[in-house]
Each structure stands twice: as structure tokens, then as C-alpha cells.
Amino acid sequence: MGILGLFFLSSGLYMGWSLGANDAANIFGTAVGTRMIKFRTAAFISALFITLGAVISGAGAAKGLGALGAVDALAGSFVVSAAAATTVLWMTRAGLPVSTTQAIVGAIVGWNLFSGNPTDQAALTRIVGTWIYGPILGAGIAFILFFIVKFILEKLDIHLIRMDKYTRVALVLAGIFGSYSLGANNMANVVGVFVPASPFVDLQILGITVTGIQQLFLMGGLATAVGVATYSKKVMMTIGNNLYKLSPVTAIVVIVSTAMVLFLFASEGLKLWMESMGLPSFPLVPVSQSQAAVGSIIGIGLAKGGKNLNLKLLRNIVLGWIATPTSAAVLSYIALFFMQNVFLQQVHM
Amino acid sequence: MKKTEKTGGIFTSKAKMIQLEMDRYFSFIDQGALLLEEAIKKYLEGKMESFEAKAVEIDSIERKADDLRRQIKHRLYAEMLIPDSRGDVLGLLETLDNVLDVAKHVTTHFSIETPEIPGFLKDDFLELTETCVKAVLELTLAVRAFFRELYRVTEHLDKVHFWEHEADVIEERVKRKAFASEEITLFSKKVHMRYFAERISLLADESEAVAERLAVYAIKRAI
């Protein structure tokens, strides 16, 4: 892999960094913001488990994304990823709700349009469908979890001080699950577009084969770890103090239900098991973590009687469904044109 | 406690320790209120020596509770416990301390001013004290429930409000009786009765003030 190859991977690294800085912060935001867990502990857990989730279970969602359009030239992957990253950056700067997933999907569709590849309608429907039922599923799971947790807490009558200890343990466990699921599901957004044109070759280390794809996911994981280490603290403190002010126990419910949504759309093992049981299975595609989290928060709001529901959050989700992929698609198309005609790079086969 | 220290880790024993300290603190509040009831009873019976002994006991309990409160505060912060709700817990402990302060002041003032309570007011004064003590005891039940059985807090708080209202009614009765009385001839003595009725009633008022805070903390703690 030459210098150019490394350069082309940089937009993926940025996406990984952004995943670590923003999405990982969603997981431990309340825990760190309320000082229940030290930032260092949170950073270590999220970096480790996001990477593990990505390397072990990341391939499923990446395949789902790949079905939408296999970006088959490295320069093309770079542009697609960079267009998505820029969209995320812009929209975040403008204070608009943004999902990495929706940005990357838009950017891939942009590549399809540019390269003349037909967009697989079934794959697109499958992915866009998950945007709608991701938050709904999050709301449903959080709604049920909330009642279970409430019931258990009322039955056990745990002293506030002891509860504090249990809450910390639960926050760590939920954080581990949340990080693993995030890595498994959302790493596809980071490295998915590089899979068909991956510059990595399989390696033999101590008799174990590390595939090029796994190396790609590991690299994404490392970029995420850098994002966690360098920027997530700031985001965590904001979440803990301002945006979604949750009590630590409610935060656990939100983290677990969000993680479950991400896991359902990422785990190949779970999919096979559900199919073998004759249950409806979920397509393995990347879903938006923040929207699943917002869905979960709404679910808890409903469980509490629906008094404090913030319907603005719902409006923002729907706005994100349209604005993000559209901007990413347009940006991707324009950037591909420049990459091909000005920088004379092959962006598709 | 020793059993826990053996079986649990360092954290377990710390958590257990602070739980025990808090329980002891709430017991001090209960004891203070009950001692006040006893002290007033002795005073009304004219048993001044017993009264003074109770007053000294209240004084000592108030000091012990103060020390314990400081220790709990130190522990909560030094050991980074319940960062999310320790402000509320400390606020609760501090306002609870006001209840003990009132008990102490009542006995101190009885001791210094030795008000002459006429026979026809004795039962009312006793009833007033008993009602106020009921408010305090119900309050500590509510506080204990706050730490363990959150859903029980409201029912105890309702009773605190009930007893506080009862205390108000009795306080007014004492005042009306004192000022309408021909037996108490000096105006200054009538005022003296009013003063002590108000002093004792303050115990229920302070309990209600803590109850108001507790109601908010309970809403905040509910998941």
C-alpha cells in the first residue's frame, strides 16, 4: 500500500475519529457527566469494546451497506467517505441533527449515480426502513426495560448508597454492551465503503490469519479510539449536563435499549438464531445510534405517562432522514466529478 | 457490620458504614424529639430535676448529631459516593438538623425562663408537644423511606403535613385560651404562653419544611 493508498484511507480515519468523538460519547455521557464513572475508565472501555465489536461482528452490517453499492476503486471510496464526513461536520456545525449512517448511505447513492451503477432498490428500502423502525424499536425496548427496572427496584428496596455502587457497575456493563454494539454496527459507516477496494492483504500472525477486512476494521477501531481519547470528554460533559439530562438509572435503560437496537441490526449469530427459531430477523445494516437513543428516550417518556415528551426530537429525526442523505449524495456526486476530471483518479471500475 | 467487612470488599464496608451512620443520625432526631416530649412532661409535672436531666440529654444528642452529620458529609465527598444526589442528601441532613435545634432551644428556654403554665393549659401544652413529636417521627420515617423505599415517601409526608396542621390548631387553641383567660392576669404572662406555644409548634413547622424538600428530592430520585 503506497502513500496514496494511505491518503485515500484518511477520510475513513476521520469518520472513525468522529464515531469515537461523538457516538462513543453518547454511551458514557451521563455516566461521566454525572461523575459516576471516571472519564479514563469510560474512554478505555469504549475504545476497547468498539474495536472488538468492529473486528468480531462488524462484517455483517458492512455487507448490508455494500449491497447498496460496492465502491470498487480506492479513490472513489475516499471521496464517498469524505463526502459523508463533510456532511456530518457541516450539519454538526450548523447544530442540525445528523447521523453518520444516513450520510454514508447518501454518499454511496451519489457514487452509484455518478458511476452509473444501479442502486439496489431492495437494499435501499431495507436500509431506509431501518431508519424508521430503529427509533421505534428503541422506543419499544426502552418502554419495556423501563418497567422491568422500575419493578425490580421497587421490589428490592435497595439503599441509596448501595444503589450507587450497583448503578456504577450497571453503567460499566451497559457501556461495554453499548460500545461493542456500536463497533459492530456502526464501524460499517467508517470502513464499509473501503471493503471492496481494501488495500490490506491477509496476514499470518502466530499461525492466525488476520484478514485484510479485519485489518481494515481494526484500523477503524484505532481511529475511533483516538476520537474517544482526544475529543469525547467534551461531548460527554455536554450530554451529562445539558442536552438529554437523564438520571443514571434512566441512562442505563437508554444505553441498553440503544445497544440492543444496534446489536439486532449487526449480529450475524443472532440473525441466524432468530431465523432458525422461525422468528422474523433483522437486516444487517448500519443504523443511527443517536436516533435509536432518541427513540429510547421517547420510549421512557411514554412509559412515564408521556408528559415530558419533546416532540421536537421526533421532528428532528424526520428532518435528518431527508436532509442528511440528500446533501451527502449531492456532495459525493460533485466531489467524484472533480476527483475524476480534475485530479484524474479512477473513482470506479 | 463486622460480618460485612469480612465478606465484602473495601467498598462494601464503606457503603455499609455510611448507611449505618445515616441510620444513627435519623435515630438521633427521633431520640431528640422523644426526649423533648419527656422533658415537657416532667416540666408540666413540676419535676424540675428530671426535666433538667432530659434537657442535658437533648443537648448532648444535638452535639453528637452535629458531629455525625459532618462525618457523613466528609465521607460522601471524600469517597465520591452518590455524586448525582449527594447535594440533595446533604441538604436533607442539614435541614433535619434544624429540627433538633428547635428541640434544644425549647428545653433551653423552658430552663431559663421557667414559664408558669396554669393548670388549665397543661393538657394543651402536652398535646401540642405530642403532636409535634408525631410530625418529627413521621418525618424520619419519610427520610428513611427516601433511601430505601422511595414509593413510601409520599404516604409518610402526607402524615407529616397532617400532624403539622393539627399542631397549628392546638397552638391556636392555647393562644386563645391564654388570652381569654381571667386566671392569667398579667398581659406579659399571656404573651409568655403564646411564645412557648409558638416555640414548641416550630418543631412541626421545621418538620414540614424538611418534608417539602424531601418531596422534591423524591421526585428527582424517581427513575
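Lettering follows sequence order; numbering is per chain, from 1.
- Residue B:Arg148 holds its CZ atom at 13.5 Å from CE of A:Met163, rounded to the nearest 0.5 Å.
- Contact of B:Tyr151 with chain A is made through the side chain alone, with heavy-atom distances under 4.5 Å.
- Other residues, nucleotides and ligands contribute more than 12 heavy atoms inside 6.0 Å of the CZ atom of A:Phe39.
- A heavy-atom distance below 4.5 Å is found between the side chains of A:Arg162 and B:Lys16.
- Interatomic distance, A:Ile158 CD1 to B:Leu150 CG, rounded to the nearest 0.5 Å: 12.0 Å.
- By the neighbour-count criterion of 12 heavy atoms within 6.0 Å, atom CZ of A:Phe147 is densely surrounded, having more than that number from other residues, nucleotides or ligands.
- Open room surrounds NZ on B:Lys73; 12 or fewer heavy atoms of other groups in view lie less than 6.0 Å from it.
- Considering only heavy atoms from C-beta on, A:Ile161 comes within 4.5 Å of B:Met22 through its side chain.
- No more than 12 heavy atoms of other residues, nucleotides or ligands lie within 6.0 Å of CG in B:Asp123, so this atom counts as exposed by the packing criterion.
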